[in-house]
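Here the structure comes first, spelled out in structure tokens, and everything after it is commentary.
Read the numbers this way: they start at 1 and go in the same order the structure lists the ligands and their atoms.
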Amino acid sequence: MKSTISYFLIVLIFPLQCSSYLSSLKMGSSLSVEKHEEDVIVSPDGTFSAGFIQIGENAFSFGIWFTELPDSHNSATVVWMANREQPVNGKRSKLSLLKTGNIILLDAGQYNTWSSNTESNVPLELHLKENGNLVLLELQATTILWQSFDFPTNTLLPNQPLTRYTKLVSSRSHSNHSSGFYKLFFDDNNVIRLDYDGPDVSSTYWPPPWLLSWEAGRFNYNSSRIAFLDPLGQLFSSDNYYFFTLDYGMTIQRRLTMDFDGNIRVYSRKNMSQNWYVSYQAILNTCIIHGICGANSTCSYDPKKGKKCSCIPGYKVNNSSDWSYGCEPMLDFTCNNKNESTFLKMQGVEFYGYDKYYYVNNSYKYCETLCLQDCSCKGFQYAEDMDNGVSKCYTKSQLLNGRHSPSFQGITYLRLPKDNNYSKHQSMNVNDHVCFVQLHKDYVKKQENPTVRFFLWLSITIAGLESVCVLVVCVLLIKTSKKSSTAQQQNYHHVALFGFRKFSYLELKKATKNFSEEIGRGGGGVVYKGLLSDQRHVAIKKLHNHNAKQGEGEFLAEIAIIGRLNHMNLIEMLGYCVEGNHRLLVYEYMENGSLAKNLLSNANRLNWCKRYAIALGTARVLAYLHEECLEWILHCDIKPQNILLDSNLHPKLADFGLSKLINRNNLNNDLGFSMIRGTRGYMAPEWVFNLPITSKVDVYSYGIVVLEMITGKSPTMMMNMEGDHDGEVAHNERMVTWVREKKRSTCNWVEEIVDPTMGNDYDASKMEILAIVALDCLEEDRDIRPTMSQVVKMIESHEIDV
Ligand SMILES: *[C@@H]1O[C@H](CO)[C@@H](O)[C@H](O)[C@H]1NC(C)=O
Ligand SMILES: *[C@@H]1O[C@H](CO)[C@@H](O)[C@H](O)[C@H]1NC(C)=O
Ligand SMILES: *[C@@H]1O[C@H](CO)[C@@H](O)[C@H](O)[C@H]1NC(C)=O
Ligand SMILES: *[C@@H]1O[C@H](CO)[C@@H](O)[C@H](O)[C@H]1NC(C)=O
Ligand SMILES: *[C@@H]1O[C@H](CO)[C@@H](O)[C@H](O)[C@H]1NC(C)=O
Ligand SMILES: *[C@@H]1O[C@H](CO)[C@@H](O)[C@H](O)[C@H]1NC(C)=O
Ligand SMILES: *[C@@H]1O[C@H](CO)[C@@H](O)[C@H](O)[C@H]1NC(C)=O
Ligand SMILES: *[C@@H]1O[C@H](CO)[C@@H](O)[C@H](O)[C@H]1NC(C)=O
Ligand SMILES: *[C@@H]1O[C@H](CO)[C@@H](O)[C@H](O)[C@H]1NC(C)=O
């Protein structure tokens, strides 16, 4: 119904205002560049136009674009170009459909710049179809001789296939439409991939080159090599890559574009009077895109500002308006005496590729000497893998694809001439984490154009997550690969096959037998057990008090972000439902219930070893949320009820990301986190004293949870035991003070605090480590508390065979 209405509107607008537009080009006629404003072929529904596009002063290309309103000041969104590399003159250039059946583009009336290379002796016509395909039709047989869909430039329109014969090539820049450095195509293994093809080097960056294709969730046995975006917003590819756009399900204008920054995005808009927004982005952390910052530079990612390029010390930018030119050395790097070099330590910085030598099990000194002896060595990467007792040394002949990565474990040592001014600063400060709360407020203030801003923000925010997150999962998986290869396969699957489902309310109502079996409460909703039609058990959370004013799009966008988080210690979100005022989330179901329940009724199953592993797993996932995902996700409600246990009693954190969804309701007062969140007994003092909320609130709650696991006593129980209720902080403090007191006054303090249900069967030194870590986390001053990754390190350094 809606689409018929807009169809009429457009049909009405066009004949009135643009009566000279053409519906097709007949044999023997031409479109002329001088009349580029009228000589336009328009698709029957008015969505697309084809004609000459001015791309510079006196420079035109023939192409297809989304029709804009007549008074629009937007530059047209070009979806195809015949002559992107070779623009034609603004005088006497024309596109002609010759009597021979060939379409030719003449530059300045003489040079043939482009042609369709077709031939026919039956009547032909050039038509622009409603889907944006420009076709050369044999009128009688209606066979297609030539079509623009077979020669894509940087854009795929819905239902336009990407095949073994076609590829998308990015533009050079926002304003320069000639071919740029990035390509999307099917490779020889039938896998759809992204390559950087720069002036000097080329490399694949997606799917991640260090994964085998099956590890990235791709099939390489299907040789049909076809991919397309359907009009509803789902992409299918024969290699099993697929995704849903955030606005999946709507029939609106869409395009998939290989952008000049090396990312694939799907853009959507309702109609020509609206703005485009990003509804899907393939690569979330844009720093993994090769060549993005050029040579001799590093890319760092910030959820507020997106990526940022900087030259490495001793280098300066070549062209600050186009980072792909990279940075050139400022210092004298001539190398004739090996004593003239020194190395600058860059923690957490990785330069992907271009390794000249690779050595295992050699000392740092050996690696350094190796680099000093080689004049082409620009630096080296050295890492000691504690788990396997192996060290790795890579010497670098070029410094390309540099990026800051909190999950990268090695260190890059940059070669610099001695007597430079940089090494004094010692290591570079990798990143001061940005707090999610600030991001939130920023977003609230700027509401002039909520949708666009939102999606811009979203695309930037999403960018922070995936690749980093994927990377982490990979690192984790690679680490544990020897232990469990099936688990590994499954996890890869999760990472790669992102695409949770939209459920209907009815479906979920049926799955939960009309919301009859309640299994939990809190975090803004009630959780029910459900059984999906595919016989999978799920946990379905029904958010209550939902403000109907919250836009569906915003809800979906946040769900999409949460849905993309992936960690072995995170509950997996399988889908969602948005209908009217109903907002539901569908999660995997954990047979063993929560840590709280197990501590209460099953404490003997939780031996010291399991408790240790739960503490470690929980710390890891919090470190992932805070640091890998750049701290924009604080949990804010860490407690044993939110740590679920899988069949092996491995922890999985639940209810993450909801602080945003739920808090949205009281955003209007611009206070964000004004309302105290969290649960009595687990809350950090900041909440009470109204101090800025940072990730350290989660660290504090984590400390309480660990103490609870060690002692078997819950902080709320402690409160009841002593029988008074003097404020939030008091109950936490009671437990903490009790433990601190024991530690100070007794030598075998650990023995006195451990949960009696563990008996004598525990490793006292491990329990002591946990207790010490917990007390560190419970420091009153949040600046003294460790970060979650420091907690992980502290626990891991004592891990032997858990
Ligand atoms: C475009 O969509 C907006 C919002 O849905 C609507 O108000 C407007 O009338 C539409 N314009 C056209 C030309 O269809
Ligand atoms: C566009 O980029 C190409 C390739 O880098 C370059 O040759 C050309 O001069 C650029 N055109 C404009 C108008 O800047
Ligand atoms: C290969 O992919 C095509 C397109 O997605 C699909 O139709 C076909 O069934 C697939 N073949 C196999 C063997 O999976
Ligand atoms: C960087 O700039 C220098 C000098 O301006 C130039 O010689 C060099 O070719 C440039 N490098 C690249 C990759 O453009
Ligand atoms: C830097 O790049 C911009 C954009 O590509 C270009 O217009 C400009 O001429 C370049 N400047 C130099 C000094 O190369
Ligand atoms: C990067 O630095 C190396 C020297 O370390 C230099 O040879 C190379 O030309 C630089 N690249 C660019 C693009 O300036
Ligand atoms: C480098 O310095 C060391 C000690 O400072 C000296 O023994 C060695 O001879 C020097 N090597 C060269 C090549 O100058
Ligand atoms: C490196 O050393 C470790 C432990 O000493 C050993 O297990 C491993 O096999 C060695 N690796 C190689 C490639 O020599
Ligand atoms: C180091 O800094 C000082 C003063 O800031 C300057 O005079 C000197 O030239 C610099 N040296 C190098 C190698 O850049």
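The SG atoms of Cys299 and Cys293 are placed at least 2.5 angstrom from each other.
Residue-ligand proximity, Ser321 to ligand 5, at heavy-atom distances under 4.0 Å covers atoms 1 (C), 2 (O), 3 (C).
Polar contact with ligand 3: absent for Tyr221 (N/O pair, distance under 3.5 Å). In terms of polar-atom proximity, Asn319 is counted as a contact of ligand 5, with an N or O under 3.5 Å from an N or O of the ligand. The distance criterion of under 3.5 Å between nitrogen or oxygen atoms is met by Asn222 with respect to ligand 3.
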Q: Under the side-chain contact (heavy atoms from CB on, under 4.5 Å) rule, what do Trp146 and Phe151 come out as? Steps first, then yes or no, please.
A: CA-CA 10 Å; Trp146 176 92; Phe151 304 91; 3.2 Å; yes
Q) Should Lys378 and Arg415 be marked as a side-chain contact (heavy atoms from CB on, under 4.5 Å) after you check the CA-CA gap, both sets of side-chain angles, and the distance that decides it? A) CA-CA 5 Å; Lys378 305 286 193 286; Arg415 186 180 199 166; 5.6 Å; no
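Enumerated by chain and number, the residues approaching ligand 2 to less than 4.0 Å through a heavy atom are Arg172, Asn176, Ser178.
The aromatic rings of Phe62 and Phe52 stand perpendicular to each other, their planes meeting at an angle above 60°, with 30° marking the opposite boundary.
Side-chain contact, Thr47 with Glu130: no donor N or O sits under 3.5 Å from an acceptor N or O. Side chains of Trp276 and Thr77: a donor-acceptor N/O pair is present below 3.5 angstrom, by distance only.
Side-chain rings of Phe48 and Phe66 approach one another, their centers coming within less than 6.0 Å.
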Distance-only donor-acceptor hits, side chain of residues 153-161, under 3.5 Å, sequence neighbours excluded:
unit_1	atom_1	unit_2	atom_2	d
Asn154	ND2	Ser171	OG	3.4
Gln160	OE1	Leu157	N	2.9
Gln160	NE2	Phe149	O	3.2

